[in-house]
Number of protein chains: 2
Amino acid sequence: MPDLDAQRTRIQTRNRQAILDAALEAFSSNGYAGVTIDRIAEGAGLSKPNVLYYFPSKEAIHHALLDGLLDLWLAPLRDMDPDGQPLDEILAYVARKLDLSRRYPRESRLFAHEILQGAPHLAPVLGGQLAALVADRAALVAGWMAQGRLAAADPHHLIMSIWALTQHYADFDLQVRAVLGPGHDPFAEAGAFLDRMYRRLLTP
Amino acid sequence: MPDLDAQRTRIQTRNRQAILDAALEAFSSNGYAGVTIDRIAEGAGLSKPNVLYYFPSKEAIHHALLDGLLDLWLAPLRDMDPDGQPLDEILAYVARKLDLSRRYPRESRLFAHEILQGAPHLAPVLGGQLAALVADRAALVAGWMAQGRLAAADPHHLIMSIWALTQHYADFDLQVRAVLGPGHDPFAEAGAFLDRMYRRLLTP
DNA sequence: GTCTATACTCTGATAGAC
DNA sequence: GTCTATCAGAGTATAGAC
């Protein structure tokens, strides 16, 4: 069943998407408990019972949003090329991850909420899929460092530092803008700052 | 009225503190909407009406927790000494901020929730007190860089990078531990990693 | 100061007409 | 497929006894 939408009418597809979009908007800024089905319905332009016609419960909507989120989130790390130039690969990874924060701030905040709350849905995946991918990539980076093609640094914490820094610009956007004041482009400046930072940190 | 507790009995002082502690525990992991007064009461070992005897509303409890949080949070930045050695001052700041994350992870998460939700209570302070302090410290750092005592970098983004990295270890503790696996001391490793990182980044 | 009992509101979910 | 009506439960807050 590769395309579930094939079994749905155009209206169904559109409404499902409208619900998910409204729910993402709501959950990402207010957390799971801070959102009512009524508000999702309003955002989607539907009635509350109609929302519950498309999803069996509020919980199901939330679950549908989290599903696949980790894949989106880890794609840039997966895309690191073992055969590329080490420094270029890291810098490209940073740029891709920052771009993800810029383009998907709501998804970033949804993820942040989930982790803050103890990851009731994602916990198993964190210790499994996530830890495995990071271990794999950390080994790759450690290899580059051992060959002297990158300056030495703890690979796990290096990868996590990239997450922390890039996601900060999405999750704490409000604070970032308050600190920078008007007339700034936080993501553009962050791109330049982070490129210089990791270049200097990792150049052998 | 410097000491409000002077007007309270010992029992009142103790119960107020128990309520605030239970509320901090609850709010920091579940967000404002995800917490019921019942749960706070249970955590404090009191009945629900009794909690509402000490605070007029759930909202008031939350407000009491946020009050003064920013002061605690910004203290390390305030403590940067303009007359110290630039690199030492920055590294000491990083260490103090990381120590704050280690000792007060619940406060860090409470702050994260507040910002994620659009800072309904802190918004005015962010654009005022916070922005002013950062501007002041950024100017100090920029001066050091202009004198060639630190390598050049955007001072605002430098300060924010320190926030992002140190708070990540508190806010995303669950993810950090999942990635590192058992047998690690995330904060100790972070201390070493961040010290090397900023030393390398800022050494002229 | 603390408890029991309760009023009142909001929210998730269902039933059933159309 | 979508709506109106409604139920059941949870949650904030208050009243009033002790």
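For A:Y54 and D:dC3, the OH to P distance is 9 Å, given to the nearest whole Å. Across the protein-nucleic acid pair, A:E42 atom CD and C:dT11 atom C1' stand 15 Å apart, rounded to whole Å. A:L52 has its CG atom 6 Å from the P atom of C:dA13, to the nearest Å. In this structure, the NE2 atom of B:H62 is 17 Å from the P atom of D:dG11, given to the nearest Å. Put simply, CD on B:E59 is 13 Å from C1' on D:dT12, counting in whole angstrom units. Computed from coordinates, the A:D38 CG to D:dT4 P distance equals 12 Å when rounded to whole Å. Counting to the nearest Å, the C1' atom of C:dC10 and the CZ atom of A:R39 are 15 Å from each other.
Using a 4.0 Å cut-off, no side-chain N or O of A:T36 falls inside it from OP1 or OP2 of C:dT11. Between B:S47 and C:dC3 there is a side-chain polar atom (N or O) within less than 4.0 angstrom of OP1 or OP2.
Of the candidates D:dT2, C:dC3, D:dA5, the closest approach to any side-chain atom of A:N50 belongs to D:dT2. Nearest to the side-chain atoms of B:P49 among the listed nucleotides D:dT12, C:dG12, D:dA15 stands D:dA15. Side-chain proximity of B:N15 to C:dT2, D:dC3, D:dT14: nearest is C:dT2.
Listed for the A:S101 side chain is no donor-acceptor partner under 3.5 Å among the backbone atoms of A:A170. Using modelled atom types, no side-chain atom of A:R177 and backbone atom of A:P186 make a donor-acceptor pair closer than 3.5 Å.
Between A:P56 and B:Y53, the residue anchored nearer the 5' end of DNA chain C, judged by the nucleotide with its closest heavy atom, is B:Y53.
Taking the centre of each ring, A:F55 and A:H63 stay at or above the 6.0 Å mark. Close placement of the B:H62 and B:F27 rings is indicated, their centers lying within 6.0 Å of each other.
Looking at B:K48, its side chain has no donor and acceptor atom pair within 3.5 Å of the base of D:dG11.
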